[in-house]
Structures are given as C-alpha cells and as structure tokens.
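The basis for the numbers below is simple: all heavy atoms, side chains too, and nothing from hydrogens, waters or symmetry mates. Quantities reported herein were computed from a predicted structural model and do not represent experimental measurements.
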Amino acid sequence: MIDLREPKYPWGLEVRATVDLYNDGSLPDIPEDLLLVVAGGPGEIVQVGHHGEANVPIYMVDFGVCVLGCLEEEIEPLTAPARLEAFVA
C-alpha cells in the first residue's frame, strides 16, 4: 500500500505564486512558454488533486486570468503582509 503525501494547503486558501508561471503546453489555446502569472500574483486554491506517479499534491489555483495546476513550492499562503507588498513601491 502506498502512503499518499497529504496536501499542505486546503481548498479555498488564498495564495500567491512564488515563481513566475509559464504555459508548459497544458493550455493549448495559448502560446507555449507565455508568462501567465508573475511571482506574487494572487490566486485561490479551487481544487486539490494528487499526482500518483510522483506522489505529490497538485493544487488547481484560480489566478483570475486562468486556472493552473501548481506544486507546493510554486505557491504560498497569501498573508496580510504579502498583500501590502504589492502596493508598496
């Protein structure tokens, strides 16, 4: 029996991208390698799945412009200080 790695983040959690997110080819109507979400871009986890072969959680994150599958290292919880950083120049 394989132990599934439990997700770190729940559905409905507001998050932000920790890295720039590009189209890896999973969005066929958009050019490959197009920048979709810049690091710091806010989103919300709308579903949590699991990649069986790699045994890692996959987070479906709605970034407003698109919904992307993300790994845990590509997102982090959106906290009050993170929201303020976007408005401070």
Side-chain angles (χ1 to χ4, degrees):
M1 180 177 198
I2 298 174
D3 287 328
L4 295 181
R5 183 170 148 209
E6 290 296 315
K8 188 175 177 180
Y9 306 125
W11 288 16
L13 182 68
E14 291 184 344
V15 295
R16 67 177 176 171
T18 58
V19 296
D20 291 340
L21 299 172
Y22 295 86
N23 183 18
D24 62 1
S26 57
L27 300 173
D29 296 335
I30 297 174
E32 226 174 293
D33 296 325
L34 181 73
L35 177 62
L36 300 170
V37 178
V38 297
E44 180 182 344
I45 297 173
V46 294
Q47 187 173 3
V48 180
H50 189 266
H51 188 284
E53 223 174 274
N55 194 22
V56 294
I58 302 293
Y59 299 90
M60 297 306 293
V61 181
D62 185 348
F63 286 102
V65 295
C66 60
V67 177
L68 299 175
C70 296
L71 300 171
E72 284 179 351
E73 57 269 16
E74 296 174 321
I75 57 173
E76 66 185 7
L78 182 62
T79 60
R83 287 183 186 170
L84 293 176
E85 288 174 7
F87 297 104
V88 177

Could you list the donor-acceptor pairs under 3.5 angstrom formed by side chains in residues 60-72, with sequence neighbours left out?
unit_1, atom_1, unit_2, atom_2, d
Asp62, OD1, Gly64, N, 2.8
Glu72, OE1, Arg5, NH2, 2.5
Glu72, OE2, Lys8, N, 2.9
Glu72, OE2, Tyr59, OH, 2.6

Exercise. Could you give the distance from CD1 (Ile45) to CD1 (Ile75), rounded to the nearest 0.5 Å?
Worked result: 4.0 Å

Problem set entry | Co-membership, hydrophobic cluster, residues Leu78 and Val48, 4.5 Å side-chain | no

Exercise. Ignoring hydrogens and geometry, is there a side-chain-to-backbone donor-acceptor pair from Asn23 to Pro31 under 3.5 Å?
Worked result: yes

Problem set entry | Hydrophobic cluster membership, Val37 vs Leu27, 4.5 Å side-chain cutoff | yes

Exercise. For residues 38-49, which residue pairs qualify under side-chain hydrogen bond (donor to acceptor under 3.5 Å, both in side chains), counting only residues two or more places apart or in two chains?
Worked result: none

Exercise. What heavy-atom pair brings Pro57 and Pro7 nearest, and what distance separates the two atoms?
Worked result: CG-CA, 3.6 Å

Exercise. Which pairs, with at least one residue in residues 18-43 and sequence neighbours excluded, count as a salt bridge (Lys or Arg N to Asp or Glu O under 4.0 Å)?
Worked result: none

For this session: Determine, using the 4.5 Å side-chain heavy-atom cutoff (strictly less than), whether Leu35 and Leu21 are members of one ILVMFWY cluster.
Result: no

For this session: Answer yes if Tyr22 and Val19 sit in the same cluster of Ile, Leu, Val, Met, Phe, Trp and Tyr residues linked by side chain heavy atoms under 4.5 Å apart, and no otherwise.
Result: no

Problem set entry | Residues forming a side chain to side chain donor-acceptor pair (under 3.5 Å) with His50, sequence neighbours excluded | Asn55

